[in-house]
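If you're wondering where the values come from, they're calculated on a predicted model, not measured in any experiment. The basis for the numbers below is simple: all heavy atoms, side chains too, and nothing from hydrogens, waters or symmetry mates.
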Amino acid sequence: MQENRFQLAGYLAARPTLRSLPSGMAVANVRLGQTYRLSRNDLPAEHTNWFSLVFYGDLATLAMELDKGTNVYVEGSFDQRPTTDQQGRKRYVYEVTVQKFFRIGRASDEAARSAPSDLPSVHEALNDETESGDRLVESVPWAI
């Protein structure tokens, strides 16, 4: 069995943008950065990896509650989809299709440790059965 599961933790580069597919399904896009420190030739340096995230359906609506700089943990699949550039050449876009995400705080952020989150975790909001009934995430549209 093959599995395409991608796990990331990082910060959002901007507030997610929301749009709708012709079918009416909500889609949110945002970039996630992971910065780490390294040493080159005994000099400190930083490097940032950037990932494009895509949220569909109810997850897109929940993602709109996130702001620039928010630290998040996401799980999803790493996908490639074809597109055509302005010169008519076929190109590929690489993105993470998010299946669940959680807001995380920084270890040094006292407010994040002590204040309750105003955003429920995706697990609580979408995947747990509750007394009031649960909402199931619509399947991700692989062919758009």
Side-chain angles (χ1 to χ4, degrees), residues 1-128 130 134-144:
M1 179 169 94
Q2 296 178 356
E3 184 176 9
N4 178 0
R5 187 165 86 172
F6 211 70
Q7 300 171 327
L8 293 168
Y11 59 91
L12 300 184
R15 185 171 169 79
T17 58
L18 184 67
R19 62 185 174 88
S20 293
L21 296 176
S23 66
M25 179 182 284
V27 179
N29 297 84
V30 69
R31 294 188 37 94
L32 178 129
Q34 289 181 325
T35 301
Y36 58 92
R37 288 166 181 66
L38 50 100
S39 179
R40 290 190 180 150
N41 300 330
D42 295 326
L43 297 173
E46 281 189 353
H47 179 76
T48 303
N49 289 324
W50 293 100
F51 299 90
S52 296
L53 305 180
V54 182
F55 301 82
Y56 289 100
D58 289 335
L59 288 178
T61 305
L62 286 174
M64 293 310 297
E65 298 295 323
L66 302 172
D67 290 318
K68 178 181 179 177
T70 302
N71 285 310
V72 294
Y73 167 81
V74 299
E75 286 185 15
S77 58
F78 189 68
D79 298 313
Q80 164 190 303
R81 64 178 170 85
T83 187
T84 306
D85 67 12
Q86 293 176 347
Q87 289 78 31
R89 294 179 296 217
K90 188 173 184 177
R91 300 284 185 191
Y92 291 93
V93 174
Y94 298 91
E95 55 199 8
V96 176
T97 302
V98 177
Q99 294 163 344
K100 63 181 171 179
F101 71 97
F102 304 92
R103 181 188 308 205
I104 56 176
R106 296 182 188 145
S108 63
D109 186 3
E110 183 61 36
R113 284 188 295 223
S114 62
S117 173
D118 58 343
L119 219 191
S121 72
V122 173
H123 186 69
E124 293 168 348
L126 297 175
N127 296 329
D128 274 353
T130 62
D134 66 342
R135 296 185 300 163
L136 297 177
V137 179
E138 299 174 63
S139 61
V140 176
W142 298 110
I144 300 174

Output all residues satisfying side-chain hydrogen bond (donor to acceptor under 3.5 Å, both in side chains) with [X], sequence neighbours left out; order by chain, then residue number.
| X | answer |
| --- | --- |
| Q34 | none |
| Y92 | none |
| N29 | none |
| T48 | T35 |

Minimum heavy-atom separation for [X] to [Y], with atom names?
| X | Y | answer |
| --- | --- | --- |
| E75 | Q7 | OE2-NE2, 3.7 Å |
| A28 | A63 | CB-CB, 4.4 Å |
| I104 | A9 | CD1-CB, 4.3 Å |
| L18 | A26 | CD1-CB, 4.0 Å |
| R15 | M64 | NH2-O, 2.8 Å |

Applied to residues 86-98, the salt bridge (charged side-chain N to carboxylate O under 4.0 Å, His left out) test, sequence neighbours excluded, yields R81-E95, D85-R89, D85-R91
Applied to residues 21-31, the salt bridge (charged side-chain N to carboxylate O under 4.0 Å, His left out) test, sequence neighbours excluded, yields none
side-chain contact (heavy atoms from CB on, under 4.5 Å) test vs V96 passes for just one of V54, L53, D79, namely L53
By side-chain contact (heavy atoms from CB on, under 4.5 Å), P44 pairs with (sequence neighbours left out) none
Those residues at least two apart in sequence (or on a different chain) that pass side-chain contact (heavy atoms from CB on, under 4.5 Å) with S23 are L21, M25
One should read off an interatomic distance between T70 OG1 and Y11 OH, to the nearest 0.5 angstrom, of 12.5 Å
For Q86, look at atom CD and say whether over 12 heavy atoms of other residues, nucleotides or ligands are found less than 6.0 Å away. no
Between K68 and L12, does a side-chain contact (heavy atoms from CB on, under 4.5 Å) hold up when you go through it step by step?
CA-CA 5 Å; K68 178 181 179 177; L12 300 184; 5.8 Å; no
Residues at least two apart in sequence or cross-chain that pass salt bridge (charged side-chain N to carboxylate O under 4.0 Å, His left out) with E3, listed by chain then number, are none
Practice item. Dump the intermediate steps for side-chain contact (heavy atoms from CB on, under 4.5 Å) on L62 and F55, then the final yes or no. Key: CA-CA 9 Å; L62 286 174; F55 301 82; over 6 Å; no
ring-ring contact (aromatic ring centres under 6.0 Å, His included) filter on F78, not counting sequence neighbours, yields F6
Residues at least two apart in sequence or cross-chain that pass ring-ring contact (aromatic ring centres under 6.0 Å, His included) with Y36, listed by chain then number, are H47
Q) Given L66 and F101, is the side-chain contact (heavy atoms from CB on, under 4.5 Å) satisfied, shown in steps? A) CA-CA 11 Å; L66 302 172; F101 71 97; 3.6 Å; yes
